[in-house]
Every structure is written in structure tokens, then in C-alpha cells.
Chemist: 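Sharing a structure, written as C-alpha cells. Questions coming.
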Amino acid sequence: MTVDDRFTEEARQQRIAQAQLGTFNEIVTGPVSDWTTDFSHLEPEYAENAIEVWDDLRGRCPVARTERFGGAWLPTRYEDVAAIAYDTEHFTSRAIIVSNVRPPMDVAPVGLAPPISSDPPFHHDARKLLLPAFTKANVAKQAVTTEAFCHSLIDTFAGRDVVDAATDYGMYIPMRVIADMLGFPQEDSEKFAHFVENALEGANGPLEERQARGMALSDYLFEQVRDHLDNPREDLTTYLLNAELYGQRLTPQHVVGTMTLLLIAGIDTTWSAIGSSLWHLAKNPQDRERLVADRSLRPKAVEEFLRAYAPVTMARLVKEDVELGGVQMKKEDWVLLPFPSANRDPERFERADEVVIDREVNRHAAFGLGIHRCVGSHLARMELTVALDVWLDRIPEFSLADPDAVRWSAGQIRGPRALPMRIG
Amino acid sequence: MRVSIDSATCQGHGRCYDLAPDLFGEDEEGYAVLTELTADRDVPEGREGDARLAAANCPELAVLVHEQVRA
Ligand code: HEM
Ligand code: SF4
């Protein structure tokens, strides 16, 4: 066996340096003055009212604009969101989280977290490496341990009238699943929570702080890599360390970038989906009772929750000036892709603003459209299904303990972050 | 009724093989494939509704159904 000499101090420094380069713009925070010309998805009023904001904009200004973040667009119609997702000529995935830094042009087509940050043709090859581990058949193997884990979380509720469905339940499920898949210590969950928050909700925060936390994540991942080099095992980290592209092992930046992606992409997203589904059921007892009584309805309900409360908005950078939805987009403008808004477009869905738990035809885009379709979609569906099954079977009666205490996240991943629930 | 998968547009969302697991399957990367029951592209009699449902739920419009039977 040859010694793996890819993960040197130099490689670590390079990763940190890479994340600090780019074009910076002034950080603007504070209340939104006008949603059509000054929107921000990182202010509390968006967290509270995103659905109303999309519905309003779709009707009167289907591609909204802001000068914040150095210039960004917010399309809200299905048609426009889909057109951008399918158009990899004019839009690049070089960055997919809107912030105040645009990564250097030369990181394309690989990007900092392949395959989500990659453009064709490289994207296809990086994605192909991950697909086999995430097929429906392969993720089904984890359903049993996931179910046991969900039960163990509910066991800890014994003797309590009120629990937080977001932070005592939903949050831990994807953390545990991805830690298992990557082969990271389960007790590191608290750390994951901080990494994720920095990458997503903290996107408008002070740069030094974001960079310091980004560095902590890189250091953590390099530590895990070294541990896996010393003790190879059957998990995704070892798989990535041995994987090859074009006849060569992956670059250290590719390995660590993909590990970053898998850690960040699966946690907030699935946590949000579990939370909003339980929030809906707490507020709508007739839906809750139907699902408790009739398990065969649950798969349809899961798809409907994914449609109506889709957690994920992605983003692109404009690669070439282009006209879209009646506006002129300029090279290097940000463009948000609010799949949740597309999913509520009445042009595309009947009764778009209603949650119809037995909806038959549901061509929703919660997991994206086109070449970047969520690699983890089968895993996420398994986790969401198991999490709801176990909750509904163990806690058939529940309601919001304090509706005013429910807090939704701001930013590109939307879900309840505080969700006090009265149980039993 | 005839059915096929447009493999150029299928992205592996898996709605088809979730909804009709005996009519559609997944390959080792999660892309949709036809199964024993549909290998000849004919939808078994009585299962037209399931094939239509799968087509109606594919986000990429990659499940193609043709209503007429072969002459
Ligand atoms: C309900 C939960 C989830 C939702 C709604 C969701 C949504 C999405 C969306 C919309 C995209 C498309 C990104 C784009 O167009 O730029 C995406 C990509 C991705 N997701 Fe998820 N995701 C979820 C859970 C997960 C999980 C559990 C994992 C795995 C650990 C995961 C891994 C990925 C990866 C690797 C990509 C990049 C795919 C590519 O670029 O080819 N996601 N996800
Ligand atoms: S639902 Fe559509 S995109 Fe998904 S696997 Fe089936 S054919 Fe492919």
C-alpha cells in the first residue's frame, strides 16, 4: 500500500486560502424597504412570511431585485425557476449560497464542494461517484437503524408534557444518519449544528467570523480524513479517499469539498422537512387524525409536505448576460432558485396554496430540477418517512404548546428552529 | 398502452419507481429503468392507471406513455 500523501498541511492551508479569495461587497442588513427592489432572504421578516412574500411577488413582480449582496434576483414563478435550473449555459453553480463574497471565477467548473458547486462537464463525473451510495435500494438499508434511533429520541420524552419537535427530535435524525454514513463520531452532533448554521443562516454575517468558522470545519474534516487514512472502514469517507476520476485519485480539495457538502446538505434540509411536517400536523388535527388512522395515506402526505413546505432554495451566479422573465440579468448577479415558491405557483399546481395530504398528481420540485437533482433525495425521503411514522405511532395526539414561540429559519433553508409541542 | 423512459431527461427522482415499483425500477445509479413487466414497453392490462400516475408525477417529464396499443 502506498502512503496517502495528499492531505498535507499545504493542502489544508490551500483549502482555507481558497475560501478567503473572491470578490467582496459591502454587507447590507436591516429591514426590507420594498420586496420588489430591496428583498433580503436573510432578514427576520422573510423568515416569518416567506410564503406570503412569494405569493405577493408572483402576482406583481415575478422576478424581484435587490442591490444587497452585490446584486441579486428572486424569481418566484415555476416557469422561471425551472428555466434557470435547466440553463447551465447562462447560470453557473460556482456558488450556490448567496452571500457577500463571489468565489474566484477560476474555481469553476469544479467549485469548492463538488458536485453541487460544479458545472458541466465535470459535474456529471463528480456526481456519478456519489450516486450508487444514495440509491433507493441502498438507503433503505439504513431504515432500521434510523427507526431505532427515532424511538430512542422519543423514549427521552418520558414524563414531559412539552418537547421541542425541532431541537429535541428532528435535528438529531439527519445528523445521526450522515455521521453514520461518513463514519464520524456520533457525539460530534453539536459541532455539526454550528458548522451548518455558519454556512447557511449566517450567510450575511461578518466575514472574519464566517472565515474562522469555515476554518474550524476544514480542520475538523482534515482530522476525520487522517483518522480514516489510519483506520480505513466501510463508509463514505474511506470510499472518497479511494475513489478515482480520470484514472487518478481525487484531489484533496475534491475529497474535503464533497465531505463538506454531504455534511451540510443533508442536515438543515431534512431537519426542516421533519419540523414543518410536524408543525402542519400540530395545527391541523383533521390531517393528523387521518394520517394516524391510515398509514397508506402517508407516502402521499410526505410528498405534499415536501411540495408545500419545500425547505430548499438554491442559487446560481449569472455566467453570461441574459434576459429572463422580463428582466436583464448581468454577469455575476446572484439568482435565487426558490423551489418552494415554484411549488406554490397556481399556474402549475391546482389548489397551490392548500395542503392536500392525498394529492394524487404532485410534480413538485423540492429536490430541484435538472442535473443537480438532490443526490440525497431517497435518503431524505426515507428519513422523513421514518421520522413521521415513529412520531405518529408513538405520539398520535399533539398540538403547538405556544404558537408564538415557533421560530422559522431565515435564509435559503426554511424550517422551524423552535417548535414547542404539547404531547399526549 | 406503451411506456418508455427518456433517459436523456430522467434525473433519478424516483417518483415512478416509488409509485409503481413493479412497472419501473432503478439502475445502480438511481435512474429509472423498465422492469420485467414493462420490458417490452407494453403496460400490462389493468395497470394503465399506475403508468399514467407515474408519468404525471415525474418532475422531469421523463416517463413517456402512449395511449394507443400496438396494431
Ligand atoms: C428534505 C431534504 C432535502 C432537500 C429538500 C434537498 C434539496 C436539494 C436541492 C433542491 C438540491 C439541488 C441543488 C441545486 O440545484 O443547486 C440538492 C442537491 C444536493 N443534495 Fe439535497 N436535499 C435534501 C436532503 C439531502 C440529503 C439528506 C443529502 C445527503 C446527505 C443531500 C445531498 C445533496 C447533494 C450531494 C446535492 C448536490 C447534487 C448535485 O449537485 O448534483 N440532500 N438538494
Ligand atoms: S420519476 Fe422521472 S426523473 Fe425520476 S426516476 Fe422516474 S423517470 Fe426518472
Chemist: Donor-acceptor pair, B/E26 side chain versus A/T135 backbone, under 3.5 Å?
Modeler: no
Chemist: Rounded to the nearest 0.5 Å, how far does CD1 of A/I371 lie from OG1 of B/T9?
Modeler: 14.0 Å
Chemist: With a 3.5 Å distance limit and no angle check, can you tell me whether B/N57 reaches the backbone of A/E360 through a side-chain donor-acceptor pair?
Modeler: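 Yes; judged by distance alone, with no hydrogens or angles, the pair exists.
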Chemist: Do A/H378 side-chain atoms and B/G12 backbone N/O form a donor-acceptor pair below 3.5 Å?
Modeler: yes
Chemist: With a sphere of 6.0 Å drawn around CD of A/E244, does it hold more than 12 non-hydrogen atoms of other residues, nucleotides or ligands?
Modeler: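 Atom CD in A/E244 is packed in, count exceeds 12.
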Chemist: Which region of A/F134, side chain (C-beta onward) or backbone (N, CA, C, O), has a non-hydrogen atom less than 4.5 Å from a non-hydrogen atom of chain B, or is it both or neither?
Modeler: neither
Chemist: Report the distance from atom CZ of A/R381 to atom NE2 of B/H13, rounding to the nearest 0.5 Å.
Modeler: 8.5 Å
Chemist: Rounded to the nearest 0.5 Å, what separates atom OG in A/S377 from atom CD in B/Q11?
Modeler: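 Those atoms lie 11.0 Å apart.
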Chemist: Measure distances from B/A54 to the heavy atoms of chain A and classify the residue's part below 4.5 Å as side chain, backbone, both or neither.
Modeler: neither
Chemist: State whether the number of non-hydrogen atoms from other residues, nucleotides or ligands found under 6.0 Å of A/E354 atom CD is greater than 12.
Modeler: yes
Chemist: Go through the atoms of A/A137 and report whether side chain, backbone, both or neither lie under 4.5 Å from a heavy atom of chain B.
Modeler: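 For A/A137, the contact with chain B is made by backbone and side chain together.
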Chemist: Can you tell me which portion of B/Y17 sits under 4.5 Å from chain A's heavy atoms? Options are side chain, backbone, both or neither.
Modeler: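 Contact with chain A involves both backbone and side-chain atoms of B/Y17.
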Chemist: With a 4.5 angstrom heavy-atom cut-off, is it the side chain or the backbone of B/D27 that approaches chain A, or both, or neither?
Modeler: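 Just its backbone gets close to chain A.
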Chemist: For the atom pair CG (A/L131) and CD (B/E28), what is the distance rounded to the nearest 0.5 Å?
Modeler: 10.0 Å
Chemist: Return yes if some donor-acceptor pair links the side-chain N/O of A/R363 with the main-chain N/O of B/P59 below 3.5 Å, else return no.
Modeler: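 A pair under 3.5 Å: no.
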Chemist: Can you name the residues that form a side-chain contact (heavy atoms from CB on, under 4.5 Å) with B/C58, not counting sequence neighbours?
Modeler: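 Testing B/C58 for side-chain contact (heavy atoms from CB on, under 4.5 Å), a comparison that skips the adjacent residues, returns B/E60, B/A62, B/V63.
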